[in-house]
Amino acid sequence: KHGNTDLIFPTGIACAQPSVSNSRPDVSTTTPWLAPIVWEGTYDLTVIDNIYKQQNITVAVTVFALGKYVRFLKDFLESAEQHFMVGYRVHYYLFTDHPDKVPTVTLGEGRQLTVIKTATSNRWQEISLRRMEMIEKLIEKELSDKADYIFCLDVDSKFHAHWGAESLGDLVGALHAWYFGTSREQFTYERRPESQAFIPLQEGDYYYGGAVIGGRLEKVHKLVKTCRMQLDVDRANHIEAAWQEESHLNKYFLYNKPSKVLSPEYLWDDKKGKPSYMKAVRSSQVFKKYAEVRPNP
Ligand code: UD2
C-alpha cells in the first residue's frame, strides 16, 4: 500500500482564497528548512480533506499499555474515536501485557484494533526503550501492505479536539510543550558524548516530544530502526540516555529533519495552562503520579 501521494484536488470545490499575509503572526509557522509548523489557523481543513480523502489512505497507530498503563486505554481510545483522523481508515495496534484488561470501545466505521501480547517488564525505562524495536518489527512484518501512514503515540494522553489529515507528512515530529520557546542549551538533550544520542550544546533546533512520531511507513521505519540500533550500542556500552528513546529521537530529528512539525497543540500539558498562542488543545498528557503507575518508579 503505497498510494499516490500527489496533492490532487477535485474540480468544482469552493474554498476560501488563501491570504497573502501570515495568519499567525504570533508564532513561527515554518522551520528554517521550510517545513510547516502546524498551528490552528494555518490550514484550511476543506482543502486538506479534499486532497487526502481521495488518496484512500490507512493510518496505523501504535500504542503501548504495559503494566498499570492499561488504565489509560479507555480514555485514549474513546477520545481518539471522537477526534483522531475521523473519517479516515485507522488501525490501532495495541501492545500490552494484559490483553484481558483491554476495555471494549466501540470503534467507528473503517476503524479497527489489533491487540499484540507483549512481555511484561519491571523497569519503566525498559518499556519505553523497547518501543522502537517493536514498532520496527511491526512495520516489517505486518504493515507494509496494510497502511500508508503511521503514528506512534503515548497512551497516557487524551484527545480534546480535532487531529486530522493536516498532521500527515513524510516524517512528522511534535514540539514538546515544556520546551517550546526555551533556548536550546536548556533542552534536555543527551549531553554525554559517550551516548549515541549526544547533541552538543551549540546544536539543536527544537525539543521534540517522544510521545508523537509520525509519517509514511518507510520513513518511520528508517527512524525507528536507526534509533533501535543506537539504543543497542548504548546498551552495550552501559549508558542510558537522559530521556531514553526521546533523546535518540531528538538526535534523529536534528540530522534527519522532519518534513512537518506539529505545534504543541498536538502534545500539550494542561499544567502549563493555556497561553494565548494555544488556540486549540488537540491532545494533552494525562496527569499521572509516576509512583502510582510505574512498575519501579
Ligand atoms: C516522556 C515522553 C515519552 C517517552 C518518555 C521517555 C512525552 C509527552 N513523553 O514521558 O514519550 O519518550 O519520556 O522516558 O513526550 N509505558 C507503559 N507502561 C509503563 C511505562 C510506560 O505502557 O509502565 C508506555 C506508555 O505507552 C507510555 C509510554 O510508555 O505512554 C511513555 O512512558 P511515560 O509516560 O512514563 O513517559 P513520560 O511521561 O515520562
Side-chain angles (χ1 to χ4, degrees), residues 61-77 79-80 92-99 101-103 115-135 138 151-159 163 172-180 182 187-190 195 197 206-214 223-224 227-228 230-231 234-235 239-253 258 261-272 281-297:
V61 174
T62 60
V63 62
F64 290 76
L66 285 106
K68 292 175 183 162
Y69 277 59
V70 288
R71 68 175 66 178
F72 299 115
L73 267 174
K74 192 170 180 340
D75 273 2
F76 175 88
L77 290 169
S79 64
Y92 303 97
Y93 292 87
L94 163 56
F95 294 80
T96 183
D97 51 353
H98 289 299
K101 290 191 187 150
V102 175
V115 176
I116 300 168
K117 172 103 167 84
T118 311
T120 306
S121 182
N122 291 323
R123 278 187 80 231
W124 65 267
Q125 294 92 335
E126 197 57 34
I127 293 172
S128 166
L129 287 164
R130 282 177 51 226
R131 290 193 292 175
M132 293 290 186
E133 184 189 344
M134 289 192 261
I135 297 166
L138 178 77
F151 270 105
C152 313
L153 303 173
D154 268 14
V155 72
D156 55 325
S157 56
K158 197 175 160 177
F159 297 85
W163 174 331
V172 182
L175 303 181
H176 195 295
W178 283 95
Y179 300 97
F180 178 70
T182 309
F187 292 166
T188 53
Y189 290 154
E190 174 54 56
S195 167
Y206 305 103
Y207 191 81
Y208 300 94
V212 178
I213 304 170
L223 178 156
V224 291
C227 289
R228 192 267 302 155
Q230 299 193 342
L231 286 159
D234 270 13
R235 189 189 306 260
I239 186 162
E240 185 172 286
W243 281 95
Q244 293 79 35
E245 89 293 355
E246 186 173 73
S247 307
H248 291 268
L249 177 72
N250 272 281
K251 162 97 180 266
Y252 189 86
F253 278 153
V261 174
L262 304 180
S263 70
E265 292 171 7
Y266 293 79
L267 184 56
W268 194 239
D269 187 331
D270 299 317
K271 288 202 286 300
K272 285 202 62 139
V281 176
R282 307 185 186 285
S283 177
S284 70
Q285 287 173 261
V286 176
F287 176 73
K288 60 186 187 293
K289 290 195 178 116
Y290 285 115
E292 274 178 19
V293 289
R294 281 180 174 164
N296 184 7

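First listed ligand is number 1; within each ligand, the first listed atom is number 1. Counting begins at 1 with the first residue of the sequence.
- By the 4.0 Å N-to-carboxylate-O rule, K251 lies too far from E246 to be salt-bridged with it.
- Residues that satisfy the side-chain contact (heavy atoms from CB on, under 4.5 Å) test with T120, not counting sequence neighbours, are D97.
- Using a 4.0 Å cut-off between a side-chain N of Lys or Arg and a carboxylate O of Asp or Glu, R282 and E265 qualify as a salt bridge.
- Between Y189 and Y207, the ring centre distance stays below 6.0 Å.
- Legend: residues meeting side-chain contact (heavy atoms from CB on, under 4.5 Å) with V286, ordered by chain and number and at least two apart, are F72, K158.
- If you look at ligand 1, the protein residues with a non-hydrogen atom under 4.0 Å away are F64, A65, L66, Y69, W124, I127, S128, R131, D154, V155, D156, H176, G209, G210, A211, W243, Q244, E245, E246, L267, Q285, K288, Y290, R294, P295.
- The side-chain contact (heavy atoms from CB on, under 4.5 Å) check on S283 picks up S157, F159, W163, with sequence neighbours excluded.
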